[in-house]
Amino acid sequence: MQYTNEELKQKINEYKAKLSVTVVAHFYQRDEVFEMADITGDSLELAMRTRDDDAEFVVFCGVGFMGQSVKVLSPQKRVVMPKIACCAMARMIDSLYFDDSVKYLEKNGISKENILPITYINSNADVKAKVGEMGGMVCTSSNAKHIITTALSEGKKILFVPDRCLGQNIANQMGLNSMVIGQEGDPKEADIICYDGFCSVHQLFSVGDIAFYRKKYPGILIATHPECDPAICDASDFVGSTSQLIRYIKELPEDQKVAVGTEFNMVNRLRSKNTYILSSTKPECPTMNETTLEDLYLTLKAIDEGAPINEIDVDEKTQKWAKIALERMLAL
Ligand code: 13P
Ligand code: SF4
């Protein structure tokens, strides 16, 4: 039987009242899914707040690495995802590609003992585990600068995976040398060596889009996510994680125009006036958009029937080392 959205919302609320569940949603989720969440936030806030939550089930509306991070941090929790959709950037690296990147540095005269790996949280648990085993840690878009500053104090080369843009943006902000594996540059000269991964959604924003808005609306502000290309972030007035962008935009005077370079669903619900999407192509994250209200309803129904679906499981060894990498970040 096909339910309307209003009927689905009512059923979801009934299950939420009856079951020991916490519904969690990232800002990029569809509006109607986002509305049903008990916890919302950027990647760092979601990891911390769900770790501290005591419901039996975490129902995570987001992409795979987010639900996996909850399970890694709290293996006793039961984590289910209405859709197990894998972030396209996280899919660009696995443990074998990670090993190849370490070998590349070794071939270029940097010994393994002198490499400190940092993985963006947008990576799967196997990559986080590799990083943890090598003494490294995780970072998110909201704490990357702080994590890299701390890591550099060990006097080692940083291998940053998988997002080349975030790695380069932080290096630029801190006045450090960076390079991308496979592109021009000598790893021995670089402080941060980035893996060549990226987010296809955040690649949609161009310098031409910024020029267009600045010309059309003199005085407009440009606010972007650090997954955008360094040329875009360098030309922005503000760069920040999803939560940081929301706070920045909410504090602007009502008549201040702003063009935002991040995912559509989040920007669209920010502010009714004077907010623009910094691209002529709709920047929708296909995997974040996979989760529907019906998926959420069916997931809760399955829990109620005692047969949960899409439960996240991480093997013991991966869980142990990925947790160490995540906890090193949380401790900072
Ligand atoms: P935040 O940590 O800023 O929420 O970013 C997550 C993400 O996937 C952005 O594309
Ligand atoms: Fe991954 Fe990009 Fe989607 Fe964020 S917007 S979840 S980085 S594909």
Side-chain angles (χ1 to χ4, degrees), residues 24-30 33-34 37 39-51 60-70 81-94 118-124 127-128 138-147 160-170 194-205 223-229 232-233 236 238-249 260-270 277-279 281-291 326 329-330:
V24 180
H26 186 263
F27 294 120
Y28 293 170
Q29 288 292 296
R30 293 162 181 265
V33 173
F34 186 77
I39 295 179
T40 60
D42 67 10
S43 306
L44 180 63
E45 292 161 345
L46 294 179
M48 294 193 324
R49 292 182 57 201
T50 44
R51 185 187 55 165
F60 206 114
C61 305
V63 283
F65 75 83
M66 295 179 168
Q68 225 182 24
S69 297
V70 177
M81 299 191 74
K83 269 274 160 64
I84 303 184
C86 188
C87 157
M89 184 202 291
R91 222 171 5 212
M92 288 181 184
I93 188 165
D94 61 14
I118 296 183
T119 181
Y120 187 26
I121 197 165
N122 293 37
S123 55
N124 289 322
V127 173
K128 292 190 179 83
V138 175
C139 76
T140 74
S141 56
S142 61
N143 64 17
K145 194 174 166 190
H146 181 58
I147 298 287
F160 191 87
V161 303
D163 188 8
R164 63 159 189 249
C165 293
L166 181 61
Q168 287 179 301
N169 280 321
I170 301 296
C194 306
Y195 183 82
D196 195 9
F198 56 88
C199 164
S200 46
V201 181
H202 287 84
Q203 295 302 302
L204 287 174
F205 309 106
T224 55
H225 192 279
E227 286 175 13
C228 294
D229 193 84
I232 308 300
C233 293
S236 300
F238 181 81
V239 180
S241 76
T242 50
S243 278
Q244 291 165 343
L245 284 168
I246 292 172
R247 278 196 293 276
Y248 173 76
I249 292 160
V260 192
T262 196
E263 212 272 344
F264 175 82
N265 286 329
M266 183 185 115
V267 181
N268 194 40
R269 72 171 85 90
L270 270 182
I277 303 275
L278 183 65
S279 170
T281 308
K282 195 175 177 187
E284 266 181 324
C285 173
T287 42
M288 283 282 186
N289 273 271
E290 276 185 38
T291 307
L326 275 161
M329 167 184 79
L330 295 176

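Ligands are counted one by one from 1 in listed order, and the atoms in each one are counted from 1 as well. Hydrogens, waters and symmetry mates play no part in the numbers below; they use all other heavy atoms, side chains included. For reference, positions follow the sequence shown, starting with 1.
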The atoms of ligand 1 lying under 4.0 Å from a heavy atom of His225, numbered in the order shown, are 1 (P), 3 (O), 5 (O), 9 (C)
Note: Glu263, heavy atoms under 4.0 Å from ligand 1, region reported as neither
shortest atom 2 (O) of ligand 1-to-protein heavy-atom contact is with Ser43 OG, 2.8 Å
For Gln244 and Ser141 the tightest heavy-atom approach is OE1-O, 4.4 Å
Heavy-atom contact under 4.0 Å between His26 and ligand 1?
yes
- Query: Mind checking whether Asp42 has an N or O less than 3.5 Å away from an N or O of ligand 1?
  - Reply: no
Sorted by chain and number, sequence neighbours left out, ring pair (Phe, Tyr, Trp, His ring centres under 6.0 Å) with Tyr28 holds for His26
| field | Pair Ser243-Ser241, side-chain hydrogen bond (donor to acceptor under 3.5 Å, both in side chains): steps then yes or no | value | CA-CA 6 Å; Ser243 278; Ser241 76; 5.1 Å; no
In ligand 1, the atoms that come under 4.0 Å of a heavy atom of Tyr28 are 7 (C), 9 (C), 10 (O)
For Ala144, the side chain to side chain contact (heavy atoms under 4.5 Å, CB included) test, sequence neighbours excluded, returns Cys139, Leu166, Ile170
Quick note on ligand 1: atoms under 4.0 Å from a heavy atom of Ser241 include exactly 3 (O)
The ring pair (Phe, Tyr, Trp, His ring centres under 6.0 Å) partners of Phe198 (sequence neighbours excluded) come to none
Closest heavy-atom pair, Met66 versus Ser43, reported as atoms and distance to 0.1 Å, is CE-OG, 3.6 Å
Taking every heavy atom of Asn169 against every heavy atom of Cys228, the minimum-distance pair comes out as ND2-O, 3.0 Å
Check: Looking at ligand 1, does Ser141 have a heavy atom less than 4.0 Å from it?
Finding: yes
Heavy atoms of Tyr120 and His225 approach each other most closely as OH-CE1, 3.7 Å
Quick note on ligand 1: atoms under 4.0 Å from a heavy atom of Asn122 include exactly 7 (C), 8 (O)
Report yes if the side chains of Arg49 and Val24 come closer than 4.5 Å at any heavy-atom pair, otherwise no.
no
Thr140 N/O to ligand 1 N/O under 3.5 Å = no
Residues Cys285 and Val201: closest non-hydrogen pair is CA-CG2, 3.7 Å
the protein heavy atom lying closest to atom 10 (O) of ligand 1 turns out to be Glu227 OE1, 2.8 Å
**Item:** His202 to ligand 1, any heavy atom closer than 4.0 Å
**Value:** yes
Rounded to the nearest 0.5 Å, the CZ atom of Arg91 sits from the CG atom of Asn124 at a distance of 9.5 Å
One should read off an interatomic distance between Phe205 CZ and Thr224 OG1, to the nearest 0.5 angstrom, of 9.0 Å
Counting only protein N, O or S atoms and ignoring waters, those under 2.8 Å from atom 3 (Fe) of ligand 2 are Cys285 SG
